[in-house]
There are 2 protein chains.
Amino acid sequence: MISSRSKRTINLFARLPGVGEKTAQRYLLYLLTAEDELAAELGRELVELRQHLRPCDLCGNIAEIDSLEAAAICTICSDSKRDKTLLCVVARVHDLLAIERAGSMRGRYFVLGKLLSPLEGVGPEDLPIERLLVRVKKEGIQEIICATPPSVDGEATALLLKRELAPFGVTLSRIASGVPHGGDLEFADPITMGRALAGRQRL
Amino acid sequence: MISSRSKRTINLFARLPGVGEKTAQRYLLYLLTAEDELAAELGRELVELRQHLRPCDLCGNIAEIDSLEAAAICTICSDSKRDKTLLCVVARVHDLLAIERAGSMRGRYFVLGKLLSPLEGVGPEDLPIERLLVRVKKEGIQEIICATPPSVDGEATALLLKRELAPFGVTLSRIASGVPHGGDLEFADPITMGRALAGRQRL
Ligand SMILES: [Zn+2]
Ligand SMILES: [Zn+2]
């Protein structure tokens, strides 16, 4: 008893990550009743989205482009104040944005897009290691921070990077894992607590 | 360090109910990387949304319209198999859709749009009571089910309806409140449990 057009809009919204039918329906009702112009504004933005935004050719971050033929270079890669000898390797663009919010990474990035995962059938050949090695050689990168997540797959990927980068003599480090800032020790899981202890630093 | 166009899209998404900056960012990244056509499809749908969908002139449900000048009558109101003497009064379109999913309400609806709320300064004059009374008179409605939520505001609204409808001699009922289907009695809050007891029916 809902019109076919509403149904179509709901189905499109429901293809977004984490959006079920009820959430999609809530978005639709809001757009129909609450803000007069929002549906059209958001619609115009999305129609042209992929003509203007694309993964950066160098790092994988979101880059704004002028035309479909133009090279896509993001604001981080084109920022001359960034340290070009320091590269931070992350799994996803989300991680890059989280690190940028912290504001202390002064180098550039490389987004792997996925993690090594034997269980899910993702092997070394599925990761853009070759592209990473080319950058290391071409750009004279001296230090690499591996910021893959502190998970089994994240650790496996870090070890793969270590092996692949060994011949290049770059300094490779791994972000620290431990009890989060503001976190209560009582609620830290045993693995986190183990890492916090193993990674202890002298005061 | 995110492009101004990404920022604009994120800000538009974040105006949807329950969507914060991180969720909006997740939607954007998904549209840019996962499904080639989804952004454009959803965009086209939203650009025209309010030219094709509008609240039903009679009940407030979503109605599909052919032109901006046309009357908006939803599929429920125009369904001749529905009992025209039975009306179900709800607070929001969401509630109407939830009742439709149950599939047992054979009459039509009236969406109030809001509930009486002395605390939030919503008085009887803010509710479309006059429009409801006009429908009752004109359409010869004999029975009204009040399906406002079992909350303070929902009960207050039910009492207001009772007072306003008294002169019309319609049968007015209120949906039952109690322990939900599949709900564990152990976890029912005291008010719900009190209602389940007070509303008990002979077996
Ligand atoms: Zn880049
Ligand atoms: Zn209707």
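Nothing here was measured: the structure is a model prediction, and the numbers come from that model. Residue numbers begin at 1 in each chain, while the letters A, B, ... track the order of the sequences.
Neither the backbone nor the side chain of B:R92 comes within less than 4.5 Å of any heavy atom of chain A. Contacts of B:E35 with chain A are made by both backbone and side-chain atoms, with heavy-atom separations under 4.5 Å.
Contact check for B:L42 versus A:L42: no side-chain heavy atoms found under the 4.5 Å cut-off. Proximity of A:F13 to B:L46: side-chain heavy atoms (C-beta onward) are separated by under 4.5 Å at one or more points. Side-chain contact between A:L31 and B:L16 is present, with heavy atoms from C-beta onward closer than 4.5 Å. Put simply, the side chain of B:R50 reaches to within 4.5 Å of the side chain of A:D36, judged on heavy atoms. Between A:K22 and B:H94, every side-chain heavy-atom pair lies at or beyond the 4.5 Å cut-off.
Across B:A98, B:P17, B:C74, B:G18, the residue that shares the most heavy-atom pairs under 4.5 angstrom with chain A is B:P17. For the set A:T23, A:V93, A:L38, the entry with the most heavy-atom pairs within less than 4.5 Å of chain B is A:L38. Across A:R44, A:R8, A:R15, the residue that shares the most heavy-atom pairs under 4.5 angstrom with chain B is A:R15. Heavy-atom pairs under 4.5 Å with chain A were tallied for B:Q51, B:R26, B:E48, B:H52; the largest tally goes to B:H52.
Checking each of B:T9, B:T33, B:L32 against A:I62 for a side-chain contact (heavy atoms from CB on, under 4.5 Å) leaves exactly one that passes, namely B:L32.
For the atom pair OH of B:Y27 and OH of A:Y27, the computed distance is 2.5 Å after rounding to the nearest 0.5 Å.
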